Amino acid sequence: MTTVRTRFAPSPTGLLHVGGIRTALFGWLLARQQGGQFVLRFEDTDKAREVAGAREHLIECLRTLGLLYDEGPDIGGPFGPYTQSQRLDHYQQWAQKLIAKGRAYADPYSAEQVQTFRDQARADKQAFLYRNHRPQQPPIWDGTTPLRFKSDPKGYAWHDAVMGDLQTGPEVIDDFILIKSDGYPTYNFAHIIDDLEMEITHIMRGQEFLASLPNYLNLYEALEIRPPVLATMPHILAENGNKKLSKRDGAKDVLDYIRDGYLPETLVNFIASLGWNDGTEQELFTVEELIAKFSLDHVQRSGARFDEKRLEWMNGAKIRELPLAELYARSQSYWPATATAADDSYKRQVLGLLQERLKFLAEIPQLSAFFFTDLAVSPELISTNKQLQKYAASELAGWLQTSRDSLAGSDFSSPDLTDRLNALLETTGQKPGVLFSLIRIATTQSPASPALADTMALLGKDRCLARIAAQLAAFATDA
RNA sequence: GGCCUCAUCGUCUAUCGGUUAGGACGCCAGGUUCUCAUCCUGGCAAUUGGAGUUCGAUUCUCCAUGAGGUCACCA
């Protein structure tokens, strides 16, 4: 019994978005579940498309989500190097083996000539097959032209761990390029060599590779190696349209979500449940549960749409599950500038009141503003309030004055405030909707807040009375 | 155009021949002596279409339709 070894093999050509990370997540889950290894490998064979900083970004995404790899470019491992551009000698060796076997040959055509063939095929409404133009007597390969695989066209029937049993005819098999004229291997060649040498047991990848799979099977045969378990993942579709989720369509990358205050465990849970379920009605999973329950045969075969609303809901649910101390520790970088002077104990209590209404941590500044600074009196809060807009300023001022007089005698503990607020309903003869809205607006200058007594208790007596005074002054000028 | 894949509420999904087709998000309504939110209750909402197999099809087969992928010296 061999140990399970999975890999995530991105090319450093851009930022990693949620669609791309799912392949990594599933590979990681499987490796962890089976007690195997998860490998990171950079497929940097296209130097033209390489984006500076992409490697660091990919590593940061994996680390942030907790998808720690056991072997990789920056940490090494027994099968290194883990960067394809540093493995050119490996590909060269295997290429020579294929040449020796008569299964690889130099491409004698110029790019323009090949393009002509391609255009012709298109004009004939046919799929382009290079092998239809396979040269009779190709020149010796000197490394300055592409090296092509000499395919052996035949039909295949194979099993995909996600898609099930698949089959194709010989018409999809072609002489693809193994090594480009710049000396770098193509993905098609390099990944097969690397997965073999790194002893990868399960290959997970997006369905865009499904069409080339028969070609890989053909190459596996030529190399006389047994293919790993193949698992094809459906695409994650963008919110609008049916296109594959991509950066161009405004898809946020993983770190964007982290910056907005989505918890890593939310992202992991959400991405896992986009296209996978355990067969039950469970929606929320801890990472440990995912590791225990994940299985390739429960991966959905159809594409899933990314639903931000659902992600928000899930993040809110995860935030509420967190112990306050843990949530507070994670909230550090989200507090508004006005909170820097506040002490930890106070901020922690504020967070306690906010916890049940946060959807993501970046909402903290907006929801907590009035806890840290005195907001200016806003007449619109009253004029747009359904309960209050029908009363004259003098009436409101009267009730607020009565309230102030009572509150001035309070110790501002939450229970005492509750008692006094309830008593004030009697004294003023107003409904809670009216009186409490009035006091809330006076003390917070915000349209919404946590429960009134709790909010006032935390704000403290001095601050609340001062704010009520400011509101009364505004009423006076108004009248 | 060739080849391949897919198809259940608006969205994510359960069902592996027999269910009043279930759950979740969102939405709507109500409740939790105030707002926003949480929580609770209820409501709206789906098996793409047509044949066939079967006592019985969401489920199996075929066709159609729709969607996606692929046909690069990109991965």
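The shown structure was predicted, so the numbers you read here are calculated from the model rather than taken from an experiment. Chain letters run A, B, ... following the sequence lines, proteins first, then strands; residues in each count from 1. Every heavy atom of this structure was used, including side-chain atoms; hydrogens, water molecules and symmetry mates were not.
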In whole angstrom, give the distance that lies between atom [atom1] of [X] and atom [atom2] of [N].
X	N	atom1	atom2	value
N215(A)	C4(B)	CG	P	14 Å
F8(A)	A75(B)	CZ	P	15 Å
L129(A)	C3(B)	CG	P	12 Å
L354(A)	U38(B)	CG	P	13 Å
L417(A)	C34(B)	CG	C1'	15 Å
F285(A)	A24(B)	CZ	P	14 Å
D419(A)	U33(B)	CG	P	15 Å
L353(A)	A37(B)	CG	P	17 Å

Considering only the [atom1] atoms, how many Å lie between [N] and [M], rounded to the nearest integer?
N	M	atom1	result
A67(B)	C74(B)	P	31 Å
U59(B)	U48(B)	P	8 Å
C25(B)	G43(B)	P	15 Å
U61(B)	C73(B)	P	37 Å
U8(B)	U15(B)	C1'	10 Å
C16(B)	U58(B)	C1'	11 Å
A57(B)	A51(B)	P	12 Å
G10(B)	C6(B)	P	23 Å

Short side-chain N/O contact from [X] to OP1 or OP2 of [N], under 4.0 Å:
X	N	answer
N277(A)	U13(B)	no
K180(A)	A75(B)	yes
T45(A)	A75(B)	yes

State which of [options] makes the closest approach to the side chain of [X].
X	options	result
E208(A)	A75(B), C12(B), U5(B)	A75(B)
K359(A)	A37(B), C73(B), C6(B)	A37(B)
L166(A)	C3(B), U5(B), A37(B)	U5(B)
F128(A)	C71(B), A75(B), U70(B)	C71(B)
A127(A)	G69(B), A75(B), G1(B)	G1(B)
H235(A)	G68(B), A75(B), U5(B)	G68(B)
R357(A)	U11(B), A37(B), C6(B)	A37(B)
S437(A)	A75(B), C34(B), C25(B)	C34(B)
A304(A)	C34(B), A75(B), C12(B)	C12(B)

Query raised in the report: Taking it one step at a time, do R134(A) and K150(A) satisfy side chain to side chain contact (heavy atoms under 4.5 Å, CB included)?
Result: CA-CA 9 Å; R134(A) 186 188 284 169; K150(A) 186 174 181 183; 3.7 Å; yes
[X] near the nucleic acid: base, sugar-phosphate alone, or nothing, with a heavy-atom cut-off under 4.0 Å?
X	result
Y184(A)	nothing
R118(A)	sugar-phosphate
E171(A)	sugar-phosphate
S181(A)	base
T145(A)	nothing
R122(A)	nothing
G275(A)	sugar-phosphate

**Report entry** Of residues 446-453 of chain A, the positions that come close to RNA chain B - non-hydrogen atoms, cut-off under 4.0 Å
**Finding:**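 Residues of residues 446-453 of chain A that come under 4.0 Å of RNA chain B are, in numerical order, P447(A), A448(A), S449(A), P450(A), A451(A), L452(A).
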Any N or O donor-acceptor pair linking the side chain of [X] to the base of [N] at under 3.5 Å?
X	N	result
R301(A)	C6(B)	no
N422(A)	U33(B)	yes
E283(A)	G23(B)	yes
R310(A)	A24(B)	yes

Tell me the partner of [N], counting only Watson-Crick (N1-N3 plus N6-O4 or O6-N4) or G-U wobble (N1-O2 and O6-N3) with both under 3.5 Å; none if nothing fits.
N	answer
C62(B)	G50(B)
A37(B)	none
G18(B)	C55(B)
C27(B)	G43(B)
G68(B)	C4(B)

Query raised in the report: Quick one: does R205(A)'s side chain have a donor or acceptor within less than 3.5 Å of a partner on T23(A)'s backbone?
Result: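 Side chain of R205(A) to backbone of T23(A): no pair is present.
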Requested in this report: State, with a plain yes or no, whether a side-chain heavy atom of F149(A) is found less than 4.5 Å away from one of F189(A).
Outcome: no
Query raised in the report: So do the side chains of W335(A) and L351(A) get within less than 4.5 Å of each other, counting heavy atoms only?
Result: yes
**Report entry** Of G433(A) and Q300(A), the one whose closest RNA chain B nucleotide lies more 5'
**Finding:**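 It is Q300(A), whose closest nucleotide lies nearer the 5' terminus.
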Query - Upstream residue (5' side of RNA chain B) when T418(A) and L311(A) are each assigned their closest nucleotide - result: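 Of the two residues, L311(A) wins.
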Could you check, using the six-membered ring where one of them is a Trp, whether [X] and [Y] have ring centers closer than 6.0 angstrom?
X	Y	answer
F117(A)	F128(A)	no
F209(A)	Y216(A)	no
F270(A)	Y262(A)	no

Query raised in the report: Does anything in residues 265-280 of chain A pair up under side-chain hydrogen bond (donor to acceptor under 3.5 Å, both in side chains), and if so which pairs, sequence neighbours excluded?
Result: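 The answer is E265(A)-R330(A), T266(A)-N315(A), N269(A)-K318(A), D278(A)-T280(A).
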Query raised in the report: Hey, mind stepping through T444(A) and T455(A) against side chain to side chain contact (heavy atoms under 4.5 Å, CB included) and telling me if it holds?
Result: CA-CA 9 Å; T444(A) 68; T455(A) 301; 4.1 Å; yes
Report task. Flag the pair E283(A) and R310(A) as a salt bridge only when some basic side-chain nitrogen lies within less than 4.0 angstrom of an acidic carboxylate oxygen. Result -> yes
Requested in this report: Give a yes or no on whether a salt bridge exists between R55(A) and D44(A), defined as a side-chain N under 4.0 angstrom from a carboxylate O.
Outcome: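 D44(A) and R55(A): salt-bridged.
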Query raised in the report: Does one side chain, of R118(A) or Q115(A), offer a donor that lies under 3.5 Å from an acceptor on the other?
Result: yes
